[in-house]
Amino acid sequence: MSPASTGASTTVDAATPVPSADSTGSDSRMTPGGPGYRRMSLALFLAGVATFALLYSTQALLPLISGEFGVAAGEASWTVAAATGGLALFVLPMSALSERYGRRSVMTASLAVAVVVGLLVPFAPSIGALVVLRAVQGAALAGLPASAQAYLAEEVRPKALITAIGLFVAGNSVGGMSGRVITGWVAQEWGWRVAVGVIGVIAVGCAVAFRLLLPAPRHFTAGSLRPRILLGTVRDHLANPLLRRLYAIGALFMTVFGGVYTVIGYRLTEAPFGLPQGIAGSIFLVYLVGTVSASVAGRLVGRLGRRGALYLAGGTTAAGLLLSLAPALPLVLLGLVLITAGFFAGHAVASSAVSKTAVHGRAQASALYQSMYYIGSSVGSMVGATAFHADGWAGTVGVGLLAVLGVVTITVLGTRAARVAARSALVANAH
């Protein structure tokens, strides 16, 4: 949703540099087919792969973790919730560091720490130690999402921004998929500890390639680390009704996704399906659908507008949730396909709208979105697992449907705000 479409107004801070032109007056930012664009796209794609592979490395393994440590689904789900919660808690401070020290430097340091912790995770002696390590890993990964979106907003031309962010989100989907599929099959043969170790090694390779490929920033201007300035920027973003709606939409979409994919392993390995761990892990191949839906989000917005794309994403997610209630495995899989497609499309639309809306403090604007997004993941993981323990899969689906209803309600409110703003503008112009 653009400011005009939601009734939110946006002004450019005169003190904020706008990196749109070089000394010759032409736009020197990257564009598809231009110098550095492919390297940048591949680098951030790999960063997205590493981020999601590490962040959700234990999600497909929760039944095995429950079995080894003798804990229920709700307790095992903390290995996911702690990682996403750590990211949500630290994403804003890390974004402030990126404003001062640069996007590329912060992303590189974050990946380096996260992969080191990832190599330690297989040696966790208890569920408590595992949760702590995962929280530290999530906090380290906090430097990636907001900094990546701010880097793109500064280095890529506006018309190509949603496509570039869609590719980064597509990397998230590939990382989430490959991490879960690989861990499922490796764990079936050698256990969950070897499985998460393999993900750590893969992430090392992604981190090295990312640092070698990512072009040096040309339009970054260092900001201040003074808390007063940071808090002022955050306050400005939270005062923007459009940004508040986008933050809530990201959190609600991720509540659905976090709940469904935290619990799906239990459902598929238990009766009536009773699938082996490797087969259950392969279910995450449906993430490929997310790769496609995220990368075409720009086309959806072009045809339907942002609100229309969000309605479509929410409706697709809701249809998938309802279909997944069926007792037939093919229908459950089709439901997961729809949930995944709807989620990634909605996330790409909302996150790119945040980057376009923020005219200053882009890293903080993206950080607030990412914070709410991963809070939604943590809440979804815990509430979804608790609902599953209490009412089975229907309980998890109920949580997801409530979250989708929230997305639709917020989008409707944005539509009404846009109409009110349009009428007010007409009256003002008439006078």
Side-chain angles (χ1 to χ4, degrees), residues 1-3 6-19 51 84-107 109-110 135 138-154 161 165 168 217 219-255 347 349-379 406 410 413-414 417:
M1 296 173 287
S2 65
T6 60
S9 61
T10 321
T11 57
V12 178
D13 184 347
T16 301
V18 180
T51 299
T84 55
L87 192 154
L89 185 63
F90 280 86
V91 68
L92 188 57
M94 294 294 280
S95 74
L97 291 177
S98 83
E99 291 281 8
R100 179 65 181 86
Y101 298 107
R103 321 301 186 194
R104 189 170 68 161
S105 297
V106 169
M107 288 189 285
S110 293
L141 288 169
L144 265 296
S147 297
Q149 290 195 32
Y151 176 94
L152 289 169
E154 292 164 352
L161 182 59
I165 290 180
F168 176 64
H219 301 287
F220 170 73
T221 301
S224 172
L225 282 176
R226 285 181 289 177
R228 182 179 61 83
I229 295 177
L230 174 61
L231 291 175
T233 302
V234 170
R235 185 168 56 249
D236 288 345
H237 292 326
L238 292 178
N240 186 322
L242 169 59
L243 288 177
R244 289 201 303 268
R245 286 194 287 270
L246 293 171
Y247 296 154
I249 286 170
L252 289 168
F253 266 124
M254 195 53 162
T255 297
H347 169 42
V349 171
S351 61
S352 63
V354 168
S355 296
K356 282 190 172 183
T357 301
V359 294
H360 71 285
R362 287 189 178 95
Q364 281 74 47
S366 295
L368 287 169
Y369 176 85
Q370 296 293 335
S371 182
M372 292 300 298
Y373 174 79
Y374 285 108
I375 286 173
S377 177
S378 295
V379 170
I410 291 168
L413 291 175

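In this text the structure is predicted, and so the values were computed from the model without any measurement.
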Which heavy-atom pair separates Ala350 from Ile249 by the least distance, and what is that distance? CB-CG2, 4.3 Å

Between Ser110 and Ala140 (side chain of the first, backbone of the second, donor and acceptor by atom type, cut-off under 3.5 Å), is there such a pair? yes

Flag side-chain contact, heavy atom, 4.5 Å: Leu141 against Phe90: no

Residues that Ser378 engages under side-chain hydrogen bond (donor to acceptor under 3.5 Å, both in side chains), provided they are two or more places apart: Thr84

Keeping the roles fixed (side chain from Arg245, backbone from Ile410), state whether a donor-acceptor pair exists under 3.5 Å. no

For Tyr374 and Leu89, what are the C-alpha separation, side-chain angles and deciding distance, and is it a side-chain contact (heavy atoms from CB on, under 4.5 Å)? CA-CA 9 Å; Tyr374 285 108; Leu89 185 63; over 6 Å; no

Hey, does Asn240 have a side-chain heavy atom less than 4.5 Å from the side chain of Asp236? no

Does Ser147 reach the side chain of Met94, with side-chain heavy atoms less than 4.5 Å apart? no

Quick one: pull up NE2 in His237 and CG in Leu242 and give me the separation to the nearest 0.5 Å. 12.0 Å

Min side-chain heavy-atom separation Met254-Met372 under 4.5 Å: no

Looking at Ala88, is its backbone amide N or carbonyl O close enough to the side chain of Ser371 to form a donor-acceptor pair, meaning the two atoms are under 3.5 Å apart? yes

Looking only at heavy atoms, which two atoms of Val91 and Ala367 are closest? And how far apart? CG1-O, 3.2 Å

Could you measure the distance from the CD atom of Gln370 to the OG atom of Ser351? Nearest 0.5 Å is fine. 7.0 Å

Beyond-backbone contact of Leu243 with Leu368, side-chain heavy atoms, under 4.5 angstrom: no

Report the C-alpha distance between His347 and Tyr369 in whole Å, list the side-chain angles of each, state the deciding distance to 0.1 Å, and finish with yes or no for ring-ring contact (aromatic ring centres under 6.0 Å, His included). CA-CA 10 Å; His347 169 42; Tyr369 176 85; 5.8 Å; yes

Spell out, as yes or no, whether a donor-acceptor pair under 3.5 Å connects the side chain of Tyr151 to the backbone of Gly102. no

Measure the spacing between OH of Tyr373 and CZ of Phe253 and express it to the nearest 0.5 Å. 11.0 Å

